[in-house]
Each structure stands twice: as structure tokens, then as C-alpha cells.
Amino acid sequence: MKIICIGRNYLAHIAELDRDLPTEPLFFMKPESALLPQGMPFPYPSFSQIVHYETELVLRICKQGKEVGLERAHEYYDAVTVGVDFTARDVQQQCISKGHPWEKAKAFDFSAPVGEFKKISELQDACAIDFGMRLNGEWVQQGHSTDMIFSFDKIVSYVSHFVTLERGDYVFTGTPQGVGEVHVGDELELYLENQSVLVFKVI
Ligand code: MN
């Protein structure tokens with residue numbers, strides 16, 4: 001499986017990092033080794049001094065898709081949860097300034113913890129999903145899917161024109177504002193519609 005991640009999908013987050021507004025979805029990928037096994041803490045990577053959390057809604061792809069039309073995109077994902085797109089921000093800035101790819105900063109081991117999935121069909125309103133993250137008990141990020149620049153359907157359709165979607169792939173859909181640093185000893189708890197879907201520590 002692979003993990004597809006969308007960047008710059010919430011206006012307020014683009015502003016806080018002083019990035020340009022995208023005219024089409026921006027995506028990158030993480031390998032399967034970026035998943036954090038259940039029950040395991042997140043090991044702070046040795047190569048970075050500034051690791052940021054980015055709390056994001058994550059879709060689960062349910063069938064193979066290539067060049068999926070916008071109107072049929074909803075058939076290609078069946079579940080959603082919340083995950084963290086851990087980013088070595090100092091390394092990412094070095095990559096950006098040199099015009100290099102981001103992989104070192106984004107795709108490293110255990111950089112994509114993902115919570116327990118919930119069926120889209122069981123949500124009250126699949127178009128308006130609340131999510132968030134508490135860091136050491138304090139709310140630091142709260143997002144609403146209605147604030148996304150590119151919708152779930154747009155993302156799935158767009159990506160499938162470049163990369164074939166496979167059953168079991170995950171799609172991180174971008175972070176709202178409020179990204180920040182994690183430190184050794186922190187505890188992160190992820191929420192989907194006020195329900196805890198994952199809790200883990202940083203070691
Ligand atoms: Mn992200």
C-alpha cells in the first residue's frame with residue numbers, strides 16, 4: 001500500500017506557513033514504512049530538531065482506480081479517520097531552499113500514525129466532518145472538512161490521473177491551521193467527531 005498526502009488544502013494553514021495558494025491539488029507520498037504500528041510510541045527522529053504535527057483527515061481507498069471522474073470519485077473511498085503527517089520542518093525548509101524533493105522531511109519511518117477508521121456510511125454528514133488533536137490534553141488543532149480548498153472527491157479524482165489508486169491505500173487530505181512542534185514525552189490524542197481514534201506518546 002501507499003500513502004498519498006495532500007499539501008496546502010486549508011487557507012489558514014497556507015497563511016501560517018507563508019506558502020502560495022495552489023491552483024490544483026499538491027500531493028506527495030509516504031511509503032508503508034511510514035505507518036506507526038498500533039500501540040507503538042512515535043520515536044523522535046534523530047536527524048531533525050523541529051518536528052511538527054499536522055493533524056489531517058485520512059481516507060481509505062476501497063477499490064482500484066485510474067483516471068476516476070469527479071462524479072464517481074466517492075465510490076473509491078469507504079472510510080475516514082484522523083492521522084498525523086509528521087514533518088521534519090527544519091529538513092523540509094532545507095529541501096525547499098535547495099529546490100530538492102521533500103521525502104527526507106515527510107516520508108521517514110513512523111511519520112504517518114493513523115487512527116481507527118470509521119465507515120463513511122456511518123457518519124452523520126460525510127460532507128461536514130469535524131476533527132482535531134489534543135496535545136498533552138490541550139486542543140491544538142481543530143478542523144472542519146468544509147474548510148478544505150479541494151474536496152475528498154476532487155483529491156481522489158485528481159491523484160488518480162497520475163497514480164493508480166489501490167484498495168488499502170490511504171489519502172491524507174491536508175492540515176488545518178495550528179501546526180506546531182512535538183517534543184519527547186508529549187502525548188497526542190486524535191479525534192474524529194469528538195470520538196478518540198488514536199492516542200500515542202513521543203519517545
Ligand atoms: Mn500535511
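Numbering of residues begins at 1 and proceeds along the displayed sequence. Both backbone and side-chain heavy atoms feed into the values below; hydrogens, waters and symmetry mates do not. In listed order, ligands and their atoms are each counted from 1.
- A donor-acceptor contact under 3.5 angstrom links the side chains of D153 and Y77, judged on distance only.
- Around the Mn ion (ligand 1), the protein N, O or S atoms closer than 2.8 Å are E54 OE1, E56 OE2, D85 OD2, listed by chain and residue number.
- For an aromatic pair to be called close, the ring centres must be under 6.0 Å apart, and Y10 with F150 fails this.
- Screening F172, F110, F42 for a ring-ring contact (aromatic ring centres under 6.0 Å, His included) with F86, the sole residue that qualifies is F42.
- Taking a cutoff of 4.0 Å between a charged side-chain nitrogen and a carboxylate oxygen, E54 and K106 qualify as a salt bridge.
- Partners of D169 under the side chain to side chain donor-acceptor pair (under 3.5 Å) rule, at least two apart in sequence or in another chain, are K2.
- A salt bridge is defined here as a Lys NZ or Arg NE, NH1 or NH2 lying under 4.0 Å from an Asp or Glu carboxylate O, and K63 with D78 fails to meet this definition.
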